[in-house]
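Let me begin by presenting the structure, written as C-alpha cells, before commenting on it.
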Amino acid sequence: MKNAPPDNLQWHPAFCAAAGLEFHEDIERLELKPEYNLSKEPIRIDLLIIKEGSTGQIKNEIGHIMRTYNVIEYKSPEDALTIDDYYKTVGYAYLYKGYGKHVDAVPIDELTVFIFRATRPEKEFANSIQSCKERRYRRIPEERGRNEYTT
C-alpha cells in the first residue's frame, strides 16, 4: 500500500498526548503515566504446573481440583497473605492466559490458581475478605473447605 504507516510507528505516545488533551479541563487533578511499568522486576509465576493428558486425576491432596494449567504462588511463613496477594496471583493467571501462543491457547476453564503458605493466615485473610464484602467487590474468595477458597 502506498500510504501504509511504517512498521515501527509508535502509536502510544500519540494516544497518550490525545488523552491529555481530552482530559484538559481536569488535568490538574489527574496524573497520566504513559507506559507505566507494573513491577520493578519481571513478573514471574512462582510455579506453573501443566498437566499432560486429559484423563486421570493427580494423586495428592490438591490433585482433585487441578486443571490443565495451574498457577501457584508460595508465601513463606514471614510473608503476609492479603486480598491483594490473591488478586495479584489471579492477575498472573490472567496474564499467562492472555499471552498464549494464539487466541484461547489457554482456555479459562482449564486454569487453576493456588496460593500456598506454611501456616494458615486465618485472621489477616479473613479480615481482607470481610473488607471486600463491605466494599461490595464482585469477585471475593469464598471458603470451599479447610484452606481452600474459590471465586
Fill in: side-chain contact (heavy atoms from CB on, under 4.5 Å) between D46 and I72, worked out
CA-CA 6 Å; D46 287 346; I72 299 174; 5.7 Å; no
Item to complete: For G63 and N60, work out which heavy atoms get closest and say how close.
Response: N-OD1, 2.7 Å
Discussion item. Testing the basics here: between T89 and F114, what is the closest heavy-atom pair and its distance to 0.1 Å?
Written reply: CG2-O, 4.2 Å
Just how far is it from atom [atom1] of [X] to atom [atom2] of [Y], taken to the nearest 0.5 Å?
X: L38; Y: K88; atom1: CG; atom2: NZ; answer: 12.0 Å
X: D79; Y: D85; atom1: CG; atom2: CG; answer: 7.5 Å
X: K59; Y: Q57; atom1: NZ; atom2: CD; answer: 8.5 Å
X: N70; Y: I62; atom1: CG; atom2: CD1; answer: 7.0 Å
X: E73; Y: I45; atom1: CD; atom2: CD1; answer: 9.5 Å

Discussion item. Are I50 and L111 linked, directly or through intermediate hydrophobic residues, by side-chain heavy-atom contacts shorter than 4.5 Å (ILVMFWY only)?
Written reply: yes
Worksheet entry | Same cluster (ILVMFWY, side-chain, under 4.5 Å), L21 and W11 | no
Discussion item. Between Y86 and L81, is the side-chain contact (heavy atoms from CB on, under 4.5 Å) condition met? List the steps.
Written reply: CA-CA 8 Å; Y86 168 79; L81 177 57; 5.7 Å; no
Fill in: salt bridge (charged side-chain N to carboxylate O under 4.0 Å, His left out) contacts touching residues 13-30 (sequence neighbours left out)
D26-R29
Discussion item. Main chain of E110, side chain of T68: is a donor-acceptor contact present, judged purely on distance under 3.5 Å?
Written reply: no
Using residues 96-107 as the side-chain source, report each donor-acceptor pair under 3.5 Å to any protein atom, sequence neighbours left out, with the distance given to one decimal.
{"from": "K97", "atom 1": "NZ", "to": "D104", "atom 2": "OD1", "distance (Å)": "2.8"}
{"from": "K97", "atom 1": "NZ", "to": "V106", "atom 2": "O", "distance (Å)": "3.1"}

Practice prompt. Start with the C-alpha gap between V71 and L48, add the side-chain angles, then the distance that decides, and say whether side-chain contact (heavy atoms from CB on, under 4.5 Å) holds.
Written response: CA-CA 5 Å; V71 173; L48 174 66; 4.2 Å; yes
Worksheet item: Does F116 CZ have over 12 foreign heavy atoms under 6.0 Å away?
Response: yes
Response to the item:
Note: with side-chain heavy atoms under 4.5 Å as the link, the other cluster members for I27 come out as F23, L30, L32
